Student: 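This is the structure I have questions about; it appears just below.
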Amino acid sequence: MTAMFGDFLFGGDYNPEQWPQESWEHDLELLGRAHINEATINVFSWALLEPSEGDYDFSMLDAIVASLDRHGVRIVMATGTAAVPAWMARRYPHVMRKGVDGTQQVFGGRHNFCPSSPKYRERARALASAVARRYAGHPGLVAWHVNNEYGNGGGYCYCETCAAAFRNWLRARYGTVDALNRAWCMNFWSHTIHDFDEVVPPVTYGDGIGTDKCVISGLQIDYRRFQNEQMLDCFRLERDAIRESDASTPITTNLMGTFKDLDYFAWGREMDVVSWDNYPGMDTQPSFTAMCHDLMRGVGGGRPFMLMEQTPNQQNWFPYCKVKRPGEVGKLSWQAVAHGADTVQFFQLKQSVGGCERFHGAVIGHDDSDRSRTYREVAALGADVAARAKRIMGSHVDAKVAVVFDWENYWSLEGCVGPTQGLRYPDEVHRFYRALWKRNVAVDVIESTADLETLRRYDLVVAPTLIMVKPGVADNLERYVEGGGVLVTGYMSGIHDEHDLVVEGGYPGPLRGLCGVWVEEIDAVAPGANVPVRLDVGDGAAVDCAGEIVASIIEPEGARTLATYGGDDFYAGTPAVTAHDVGDGRAIFVGTALDEDGIDALFDDVLHAAGVATIDAPNDVEVASRVGDDGTVYTIVTNTGDETRVWEREDGGRIVLDPFAVLLFEDGVPVAAPAR
Amino acid sequence: MTAMFGDFLFGGDYNPEQWPQESWEHDLELLGRAHINEATINVFSWALLEPSEGDYDFSMLDAIVASLDRHGVRIVMATGTAAVPAWMARRYPHVMRKGVDGTQQVFGGRHNFCPSSPKYRERARALASAVARRYAGHPGLVAWHVNNEYGNGGGYCYCETCAAAFRNWLRARYGTVDALNRAWCMNFWSHTIHDFDEVVPPVTYGDGIGTDKCVISGLQIDYRRFQNEQMLDCFRLERDAIRESDASTPITTNLMGTFKDLDYFAWGREMDVVSWDNYPGMDTQPSFTAMCHDLMRGVGGGRPFMLMEQTPNQQNWFPYCKVKRPGEVGKLSWQAVAHGADTVQFFQLKQSVGGCERFHGAVIGHDDSDRSRTYREVAALGADVAARAKRIMGSHVDAKVAVVFDWENYWSLEGCVGPTQGLRYPDEVHRFYRALWKRNVAVDVIESTADLETLRRYDLVVAPTLIMVKPGVADNLERYVEGGGVLVTGYMSGIHDEHDLVVEGGYPGPLRGLCGVWVEEIDAVAPGANVPVRLDVGDGAAVDCAGEIVASIIEPEGARTLATYGGDDFYAGTPAVTAHDVGDGRAIFVGTALDEDGIDALFDDVLHAAGVATIDAPNDVEVASRVGDDGTVYTIVTNTGDETRVWEREDGGRIVLDPFAVLLFEDGVPVAAPAR
Amino acid sequence: MTAMFGDFLFGGDYNPEQWPQESWEHDLELLGRAHINEATINVFSWALLEPSEGDYDFSMLDAIVASLDRHGVRIVMATGTAAVPAWMARRYPHVMRKGVDGTQQVFGGRHNFCPSSPKYRERARALASAVARRYAGHPGLVAWHVNNEYGNGGGYCYCETCAAAFRNWLRARYGTVDALNRAWCMNFWSHTIHDFDEVVPPVTYGDGIGTDKCVISGLQIDYRRFQNEQMLDCFRLERDAIRESDASTPITTNLMGTFKDLDYFAWGREMDVVSWDNYPGMDTQPSFTAMCHDLMRGVGGGRPFMLMEQTPNQQNWFPYCKVKRPGEVGKLSWQAVAHGADTVQFFQLKQSVGGCERFHGAVIGHDDSDRSRTYREVAALGADVAARAKRIMGSHVDAKVAVVFDWENYWSLEGCVGPTQGLRYPDEVHRFYRALWKRNVAVDVIESTADLETLRRYDLVVAPTLIMVKPGVADNLERYVEGGGVLVTGYMSGIHDEHDLVVEGGYPGPLRGLCGVWVEEIDAVAPGANVPVRLDVGDGAAVDCAGEIVASIIEPEGARTLATYGGDDFYAGTPAVTAHDVGDGRAIFVGTALDEDGIDALFDDVLHAAGVATIDAPNDVEVASRVGDDGTVYTIVTNTGDETRVWEREDGGRIVLDPFAVLLFEDGVPVAAPAR
């Protein structure tokens, strides 16, 4: 694997068109001193570039490019198609999205175009093409950035154009209405259709129940698939337009971690490099952020990714926005690198004076100077990145454990009406991921449909709440386990097929033989309540913990019991967690959402069984490694917390980690950060 | 009273059209072994039966009927009109409801047709007629089931068709705009109209304040009356269509307990037998369920009713759905029987694999077998019902106490803007009902407009929050009390006339003389707060309890004080509860929503005064009786809770009641359940 | 200053048209005995007065006027234009408002006309003109009352008529689209427009984020300015129509304290006398009510105002409506007088029997008698007012402290997206105001744009959260301080210019030199959390208190530190409050929302520094004075709480104040209330 960019990009979004041109030199001088070597430009300039239909005016953008050039700043060039100009919304109202409640959007906001609109597609492609023609081959250009955060804030479109396209999509997918009626179980509530034209998108004034649930969940999942494809088409359209002018510069669009509405694995397959925007909130756990990085790396097929956006100080759009503590931005940046980032980029380089993001942190703040703590921290980080992170570029993460994250499963799980509304898919995946992270186990995140060859790379595969088991998946998992793999799955798994229909015969359906259990019932556990669980940890010892959200009532069919329910409910004494040895491997079924103590104790056993090495480090301390093509191991030790931690290592070493401290080792040898 | 059905129906909803026909035999074999003897079919099949306008296809339904017939399963045949087919909504958009916020529904969901739509009415009547013609006289047919859960989930319709019909309804009701202006107090906020065409339904973008409140409450109450009649017309239309083909088979539609939008007493008068769907939630008290049964029996004029739906295990549509504990379904079924049910039916016999109800419990679950606890409990219950419940069929409940529940009062009370938003009518009725239930006092639920003869059947009449006193009601109550009856009423009573106008002259208006009090002011008690109340219980003893939600400030006008307010508010020391002896009877006025201790202590006295016999049984244990035409007394003793209870009876007997245990006595002699 | 009215008006809203005419005599007899000498009539009678377009029928109003006349009751005559008649909404649908979500209102409610509608304006002007022509010169007429509570409940209008008028308003304001693009920072998110017709009002399906926030905050603030002017135009239109018939009778419209949507200072300049409606809720602090009175007096340029509405007992439209405690209405009335009211008026004189306000208290309640506590308290208050309050009429409040309250600042502060959603402008102003109130310091409330001459009247100016610093304001404040004034400002101040654009160069922007601080960052403090603050109170003593909501991280630039942050956050030890001596004055910068202890301690120092005299009275006891033209000082001492307070005065005097007691002193001599 070679590094994608000649240098480690350290930069971010820059919108100089919001200021008088005479101020730019000052900006660039300040940015240069902060080691900024890249600017992402033209993200929101459509109205400037195309003041009326088909008339382009590149004067402002030319001037920006020239300024950056003069300062040796590399360019990530956006196509600028993420916010529709006012004239277009006025002239062609249907380029704007129609909401799930039937509200037709008018001009305003961003990311709210109709992805099926022929006029939008025509003008977006034309703009991408014009920008590409003009700037392809520019020496400073390092990447193309298509559109921006597809789907963020706008939701899907439910207009008539989309409805018509959806019906055609269904015709192509199902062929006959009978097939559709079967796939969607349309005899339920007399929903049987006799013509594809009778299909209505899942609007709230039809079958939709909010945007998460629907009377006919197959309709909703297919509408999600369709909208995902429509938006992906928009991406492809721009990408292909760029490729007509530029055969090789990497093309990306910025993703958003566990964002629900788009199946990012499908997107990853269309992108040269994955980039994403990392915005942890006040209560986001470091392990969750780590999971998002691994997910984004997985979406990119394991290749290094771009950390396209993060804030150099506080966000503005949370209800309550804390400033970042000293060192925190450095910590977040290095955590990204540790998990596979080959860039560190900010939103944004200079803080807007107007618009609803004006209180979002920036490298150059409203003080417009180099005096601020934010500026000084970014500058120090820039020096560090230039010195240390650059060495790591192009290296990869070597993981023996895979965690499954699957967008259709996401939609399927959260689309259930019952038995509980307490399940959030990313949180349930994180519940398991965190136990791995705490032991500093490297993780790849994979789709549920990963092929057998992929699965066999791992000693352990964890597939939480795998409710939708798509064709071939159960077989692959079974052969994986038979071949010696260890699989962890559990509650809410094995219920739906790819159409979101229940697989009859008893949960966990296609996974029942593999797991050796029949889940007879699934009880909901009320918020704040829990079910006591006793986990057998060998030698007669046990860990007392608790199950939350749901409790599967399990009848073993070959599996042995690892944990039992306690308490006074009627299923006290029955299995809460089971293990089933199959071939050379083992399938673990976790019947309830174990609390942190429980899942930690369980994974002690699981990791031992799978033969996965762990690293004991103090609380909050993350130890993660990347491996270069030459075999060099880069180990990043990060104190993700704001308390000093002392690591007494087994080799007798003792490492003191200040709050948010980051240490880098190359094959075990410390690499010092530059003096500040 | 003779039993309506030849046998005790034990069955429920069955939608075999959702599965391949070859699976039906397996279903029916399983169901047969569970003692299922009835299936409710065709509830949601309009789109299958009438694939295009006027073309009927009964092939599927014929096959279902034939299968049931072969297995000796009786049939409750639905007319199938509860969910509009997609083709109809597409062709005639106005068959669908328009919401209170002006949103026109499109195809999707169920129970959301416009009840005034001529096209809907035409097609619904035609379908009911066609179904009746085809299956009338079928030997397995035991009842007709019109539509389904009218009004559930859809709310009222506010479309132009309804608006026009409403204006005509008003013309007929009021004759002149002057009369309407007076009845609605339309000089308020310049609402005076000069033409009936100026009336606008209480939409949220007009006079409506949500769906509960309105600038002109008379408008809202009349709109509720009108919509109730429109939906009842839809029922009558189908009923009459059936009667053209079938002169005698009972016709019902399934009601929903304290559902607000329909005046079920009016419906009960149109139905041959009342049926209803009982879905207690995680926090529903057994006494509330008991009250609902008594209400439904009251709606049916005291005759036995059908328990048309309940779930054999967990629901799916609550936020958090607990599985039913072992024995709990049996307990719920027997509680229904104890209060007058002559059937025990489930939603549903087989669990859907698609659609938003797929996680709703069923006799045959997703495991599709007889192995599940649910199946086994239902089968055991079926044997029990066949053996024991059958004996009780056709018997009646003999009550000396009546509780008033009145839908117009419901609308009136919850339509008030002030003095508090803390009042929910069913909860306030239950506050009083529970005190009776805890003493195992049989209760009939009656309308406020019950005639004097009806009132005189009872030793005690309880009319909580009787805010709307309709013409004749005060007179009847006064004559009832004069004749020796005991009346309990109180806070928020006697304020409105039938137009929701305040009766001037001082609360409780027309009840003021009877109650012997003037309620000068009504203070709101904040949520979580309360007013101390001391209740005199005779011999100088007192019970300290508390008042919630509202506190009436009472000036006695002939009444004596039973309880006084404590605390440090300015009305400390004034009466909280009063009694007024009138003629041979007594009127009790309860000025504040007493907590459970307070209402219990008060009713010790009230029941004693009224000469009503009570039965002391342990907490949670319900003792209820039905009386056969031959005078046999069937007593059902139910432990409604999940803890074992021991009842040391006055006669020295000792009964141990396991969780959810049910005992049956015939004239005091135990009738054993069949061995399981 | 001379009294506006010949007598102290004691009356309120009266809507006799809701009752039969034969009942009026009874009303007026009761009201007379309660010392009611004024009635506000015709507020909601448009539909009666103009039953069809252009046809007027004054018969009812003539009769009402005649009745009042006969009883010597003075008249405040409303124009009756606040609620559109049904016929008008039906014939001209666009006289009704269109909501921020695009919903077109239909007939219903009140205050929901489109202020730009030519038809509404035409008919409203015509009605005002007709009413004025008919009743001008009537001997009982004391004031004109235009419309009612403009904007209450309806929100702004967002219809096409308004949008078109707004675009013209923008053309006039900005001249060119370039100027507009700059003023609104329209290059943000590609919002650049090329034609004024591309501007869309801040609807929720465009750039609006609810009604408080917007993608382009300049758009929102300008839309607020525009809507304020449209509604003010409606007022002027009616006012001018009245003046055509009546050259001198005072004209008012009733305002609503800190109501957000209208810039009341602009309104005050157009009104002969300010009137307002005071409705404190269950949790409203007496100091907040005091602030509202001072604000309303300030809006009226310091002249006495009318207390147009208050309730004689409980409200109805709060979620939970407490009855007023004995004496509480008297207390509220006298508090108004103490702060400048020259009338005491109620909503309403007689309680409606229908309509959504029927549970709102009234002088004559639903009992329709003189027996009620409410009636008796009002009558006693009427006697007191006639005896004591009358003496005070026309006097003024003499304040040496000004608090800034500015509506554009209100919109600007609450329009921020970040750093916290925890700021409510009136609450932040009150945070400071309360410290003054507790020391019985008289306060004038002024606009931020008050000129230097005005500022110089005060020893102390307090300008909380002055986020928008309009042209000239910083200069005036600087010159004010240089000249010896003391200024208190702080967190969130000095950020925006008049277009809501951030002033670059470091917060507090134009106030930075004056305050001698640079606010480098603004941290959000989560709800329920706080930052410890230690306030130096001299002589080495300190007060430990806390900061809430936001914490400014301050770098002093000449200022000295008065308080520092504690705790364990990285800015512990840095300044939380600073003082900067400039010229002969001082500028205090309060970096965080200090809790009550902190702000109280700070103001001890501030008031001392400013040389402002304070009065120490017990908790809850308010001491306020008005000064007559002859120099007589009227001091009103009010126990605003419901506990008895004893005031041991420095002069050795001892005053016992019962709950809600009110004492009046003329030049220190007690004036006794009439015996009850």
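Computed from a predicted model, the values in this text were never measured in an experiment. Values reported hereafter were calculated over all heavy atoms of this structure, with side chains retained and with hydrogens, waters and symmetry mates removed. In what follows, every chain begins at residue 1, and chains take the letters A, B, ... in the order their sequences are listed.
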Student: So which of A:Ile209, A:Ile522, A:Val525 has the largest heavy-atom pair count under 4.5 angstrom toward chain B?
Tutor: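 Heavy-atom pairs under 4.5 Å are most numerous for A:Ile522.
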Student: Going by the rule ring pair (Phe, Tyr, Trp, His ring centres under 6.0 Å), which residues pair with B:Phe318 if we only count those two or more places apart in sequence or in a different chain?
Tutor: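 Counting only residues at least two positions away or on another chain, B:Phe318 forms no ring pair (Phe, Tyr, Trp, His ring centres under 6.0 Å).
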Student: If we define contacts as heavy-atom pairs under 4.5 Å, which of B:Gly361, B:Cys321, B:Ala83 has the most with chain A?
Tutor: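 Counting heavy-atom pairs under 4.5 Å, the top option is B:Cys321.
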Student: Return one line per donor-acceptor pair between chain A and chain B under 3.5 Å, naming both atoms and the distance rounded to 0.1 Å.
Tutor:
| residue | atom | partner | partner atom | Å |
| --- | --- | --- | --- | --- |
| A:Asn187 | ND2 | B:Glu17 | O | 2.7 |
| A:Ser190 | N | B:Phe44 | O | 3.3 |
| A:Ser190 | OG | B:Trp46 | N | 3.3 |
| A:Ser190 | OG | B:Ala47 | N | 2.9 |
| A:His194 | NE2 | B:Ala47 | O | 2.8 |
| A:Tyr205 | O | B:Val106 | N | 2.8 |
| A:Asp207 | OD1 | B:Gly109 | N | 2.6 |
| A:Val215 | O | B:Cys356 | N | 2.8 |
| A:Ser217 | OG | B:Arg358 | NH1 | 3.3 |
| A:Ser217 | OG | B:Arg358 | NH2 | 3.4 |
| A:Val417 | O | B:Asn316 | ND2 | 3.0 |
| A:Gly418 | N | B:Asn316 | O | 3.3 |
| A:Pro419 | O | B:Cys321 | N | 2.9 |
| A:Gln421 | N | B:Pro319 | O | 2.9 |
| A:His496 | NE2 | B:Arg358 | NE | 3.1 |
| A:His496 | NE2 | B:Arg358 | NH2 | 3.3 |
| A:Asp500 | OD2 | B:Arg358 | NH2 | 3.2 |
| A:Val502 | N | B:Val353 | O | 2.8 |
| A:Glu504 | OE1 | B:Trp19 | NE1 | 3.2 |
| A:Glu504 | OE2 | B:Trp19 | NE1 | 3.2 |
| A:Gly505 | N | B:His366 | O | 2.7 |
| A:Gly506 | N | B:His366 | O | 3.3 |
| A:Tyr507 | OH | B:His366 | ND1 | 2.6 |
| A:Glu520 | OE2 | B:Arg373 | N | 2.4 |
| A:Glu521 | OE1 | B:Asn313 | ND2 | 2.6 |
| A:Glu521 | OE1 | B:Arg373 | NH2 | 2.8 |
| A:Glu521 | OE2 | B:Arg373 | NE | 2.7 |
| A:Glu521 | OE2 | B:Arg373 | NH2 | 3.3 |
| A:Ile522 | O | B:Gln314 | NE2 | 3.0 |
| A:Asp523 | OD1 | B:Val323 | N | 2.6 |
| A:Asp523 | OD2 | B:Arg325 | NH1 | 3.3 |
| A:Asp523 | OD2 | B:Arg325 | NH2 | 3.0 |
| A:Ala524 | N | B:Cys321 | O | 3.3 |
| A:Ala524 | O | B:Lys322 | NZ | 2.8 |
| A:Glu555 | OE2 | B:Arg371 | NH2 | 2.6 |
| A:Glu557 | OE2 | B:Arg371 | NH1 | 3.1 |
| A:Asp569 | OD1 | B:Arg325 | NE | 2.9 |
| A:Asp569 | OD1 | B:Arg325 | NH2 | 2.9 |
| A:Asp569 | OD2 | B:Arg325 | NH2 | 2.1 |

Student: Please classify the contact between A:Val203 and chain B as side chain, backbone, both or neither, with a heavy-atom cut-off of under 4.5 Å.
Tutor: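 Looking at A:Val203, just its side chain touches chain B.
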Student: Can you confirm whether B:Pro280 sits close enough to B:Leu332 that some side-chain heavy atom of one is under 4.5 Å from a side-chain heavy atom of the other?
Tutor: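 Yes. Closest side-chain heavy atoms under 4.5 Å.
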Student: Check B:Gly355 against A:Phe188 and note the closest heavy-atom contact, atom names and distance.
Tutor: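 Shortest heavy-atom separation between B:Gly355 and A:Phe188 comes out as CA-CD2, 3.6 Å.
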Student: Could you check if a side-chain atom of B:Phe107 sits within less than 4.5 angstrom of a side-chain atom of B:Met88, using non-hydrogen atoms only?
Tutor: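 No - every pair of side-chain heavy atoms lies 4.5 Å or more apart.
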Student: Is chain A contacted by the side chain of B:Met282, its backbone, both, or neither, given a heavy-atom distance below 4.5 Å?
Tutor: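 B:Met282 touches chain A through side-chain heavy atoms alone.
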Student: Taking the side chain as every heavy atom from C-beta outward, state whether B:Pro326 and B:Phe660 have any pair of such atoms under 4.5 Å apart.
Tutor: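 No; the side chains remain at least 4.5 Å from each other.
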Student: Any chance you could measure A:Ile495, atom CD1, to A:Ile467, atom CD1, to the nearest 0.5 Å?
Tutor: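 Those atoms lie 4.5 Å apart.
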Student: Which pair of heavy atoms, one from A:Thr578 and one from A:Cys515, lies closest together, and at what distance?
Tutor: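 Shortest heavy-atom contact: OG1-O, 4.4 Å.
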Student: Could you give me the CA-CA distance, side-chain angles and deciding distance for A:Leu180 and A:Leu170, then say whether side chain to side chain contact (heavy atoms under 4.5 Å, CB included) is met?
Tutor: CA-CA 8 Å; A:Leu180 180 68; A:Leu170 291 172; 4.3 Å; yes
Student: Heavy atoms only, distances under 4.5 angstrom: which of B:Gly80, B:Gly99, B:Pro85, B:Cys356 has the most pairs with chain A? Name it, please.
Tutor: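 Ranked by heavy-atom pairs under 4.5 Å with chain A, first place is B:Cys356.
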